[in-house]
Amino acid sequence: MTTAQTDDFATVWSGSGSSRIPAPVYTDPAIYARELDRIFYGPHWNYVGLEIEVPEPGCFKRTSIGERSVIVIRNRAGQINVLENRCAHRAMQFCQEKSGKVKTLVCPYHQWNYNHDGNLLGVPFQRGVKGQGGMPDDFRLEDHALNRLNVAVRNGVIFGSFSHAVEPFEDYLGPAVLACFDRTFDGRALVLHGYSRQRIPGNWKLMMENIKDPYHPGLLHTWFVTFGLWRADNKSQLIMDDHGRHACMISKRSETIDPAVTEGVTSFRRNMTLNDTSLLDIVQEPWWNGPTVCMTTIFPNVILQQQVNSLSTRQIIPVGPGAFDFVWTHFGFAEDTPEMTARRIHQANLFGPGGLVSADDGEVIEFSQDGFEQDQAFSAQCELGGRDVADSDHMVTETLIRGMYRYWREVMAI
Amino acid sequence: MNMPGIEQIIALYASYAACLDEQRFNDWPDFFTSDCVYRVIPRENHDAGLPLATISLSGVGGLRDRVYGVTSTLFHAPYYQRHIISLPCVKGADGEALLVETNYLVLRTKRDQLSEVFNTGRYIDRIVMTDAGLKFAQKLCVFDSELIPNSLIYPI
């Protein structure tokens, strides 16, 4: 398979609007390189983890923003830093463990030694050995710190940005999306339940599209449509920030079924019953304030999931135009009873790379990517509910995807 | 209880692998006790004591639900599995149960594709003798693989 690389960004997307998406948007290496530069390394906030993953001073986790490796570390004052995992000397990605606890960060190659803020503490033989060699007289430790990113922490969730000009995180989300963020993350102490990691052979935006697409869950996902967890007759709300880059899909599980939304839907199984009914032992929680599901996409790299009692963050780490790593971090609250913790973990069977709902999302993304790669002249159709971008009080629309691509075209100048 | 011999334990694993590799998924729950635990767990969670599993099933009913889900509800590319299971290491006994660990390697072959290493790790099992022969009271599939290649559909 060969993929052409554009040398003329102006001709990639000839039409106006954002309802027909050309195949190269998903496949072209030059477009992908511009995405890394303008989106992942540009003035955007990228999710990097939860504060509970680095509970004490010196605790760190390694992750990535775009394709750049970063270290999330808590300093002695308890503040969170996000440092680029690249020694200032010879570019070594010196941190190879995924998590741990350290007094200082040491690059093993030449033992350059950094503190938790990324400041260089010392280098061996700076003044030479027996009067010979050493660094030049104008060498200053402070000129050789680790690249320290801009950091935003809100109610236990950590974001980083390579841009120091990016707007404050709260403004970045905008009030409507921020309200959904705060609904789950209201400052309560969180508890880490664990990770699932998968590599999905598709363009990273296809996962953002998947969680901005309320059309498919009640069609593709038998478990959603049969048990009413996501279905077109559910009362629902789709909201965006002013740019259309972030979105929330909010809905309430139906107790009754409108035959209009299951007729002819082959994934609906009227007589399906479970041997282990505890999988759907759903307990309403006060903080939901009604909706049983809220899926939030924060551009460019994270999805926040509340689907009944199951909670996770889903981080996107692109690896080339045709694949991304998808990291699920499941969590609960410190105030949860043991029964609620067990329930959250049990409901996680629906999600993740082996999930009875989510496994086929990865599969359809793979096959979409295959389709885009076989013909660069193709354009995806995204016109359910019209061609415009607007909030919606129903789910029979692809408006959120159009919103993302309207913003994408602005940022990418494509 | 008469403790089973190593030949019986080896035969159990051989039958288990054959059942999965021949895609006789409806027979798979028969390898387990009625109140079994079956979990597929990333090694990083297991080592850190984190409770999340990629798949976590309780009781034979949970296994039957998973089989229904896999065979009747999930959309996925079809693939063959080939289990290579090491000789069992009997670690000890706990009451009526034998504690057995084995390494496993699962190869995946999708239609029109080359074969690939899909998932590798170790089984941490509790095996009990029942009237119907040896059964797994617990099977933990703790996998080293840092990334699942897209999705994990069939039982391991």
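Throughout, protein chains are lettered first and strands after them, A, B, ... in sequence-line order, and every chain is numbered starting at 1. Atom set for the values below is all heavy atoms of this structure, side chains included, hydrogens, waters and symmetry mates excluded. Just so it is clear, the model here is predicted, and its values are computed rather than measured.
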State whether the number of non-hydrogen atoms from other residues, nucleotides or ligands found under 6.0 Å of [X] atom [atom1] is greater than 12.
X        : atom1 : value
A/Glu97  : CD    : no
B/Arg43  : CZ    : no
B/Lys91  : NZ    : no
A/Tyr215 : OH    : no
A/Glu335 : CD    : yes
A/Arg270 : CZ    : no

Over all heavy atoms of both residues, which pair between [X] and [Y] is shortest? Give the atoms and the distance, please.
X        : Y        : answer
B/His76  : A/Glu363 : CA-OE1, 3.3 Å
A/Ala359 : B/Ser151 : O-CB, 3.8 Å
B/Leu50  : A/His193 : CB-O, 3.4 Å
A/Asn275 : B/Asp65  : N-OD1, 2.8 Å
B/Asn45  : A/Gly194 : OD1-CA, 3.7 Å
A/Ala348 : B/Leu52  : CB-CD1, 3.7 Å

Legend entry - Value rounded to 0.5 Å, distance of OG1 in A/Thr222 from OH in B/Tyr68: 7.0 Å

Contact part of [X] toward chain A, heavy-atom cut-off under 4.5 Å: side chain, backbone, both or neither?
X        : answer
B/Asn150 : both
B/Pro42  : side chain
B/Ser145 : neither
B/Ile153 : side chain

Legend entry - Greatest number of heavy atom pairs closer than 4.5 Å to chain B - which of A/Ser267, A/Gly355, A/Pro353: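 Answer, by heavy-atom pair count under 4.5 Å with chain B: A/Pro353.
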
Which bit of [X] is near chain B, if near means a heavy-atom gap under 4.5 Å: side chain, backbone, both or neither?
X        : result
A/Arg269 : side chain
A/Phe367 : side chain
A/Ser196 : both
A/Trp328 : neither

Legend entry - Close side-chain approach of A/Asp325 and B/Leu147, heavy atoms under 4.5 Å: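 A/Asp325 reaches B/Leu147 side chain to side chain.
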
Legend entry - Heavy-atom side-chain proximity of B/Phe75 to A/His221 below 4.5 angstrom: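 Answer no - side chains too far apart.
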
Legend entry - Options B/Ser58, B/Pro149, B/Ser72, ranked by heavy-atom pairs under 4.5 Å with chain A, top entry: B/Ser72

Legend entry - Lys/Arg N to Asp/Glu carboxylate O, A/Arg199 vs B/Glu146, below 4.0 Å: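 Between B/Glu146 and A/Arg199 there is no salt bridge, as every charged N stays at least 4.0 Å from the carboxylate O atoms.
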
Legend entry - Polar side-chain atom of A/Asn349 near backbone of B/Ser56 as donor-acceptor pair, under 3.5 Å: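 Present.
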
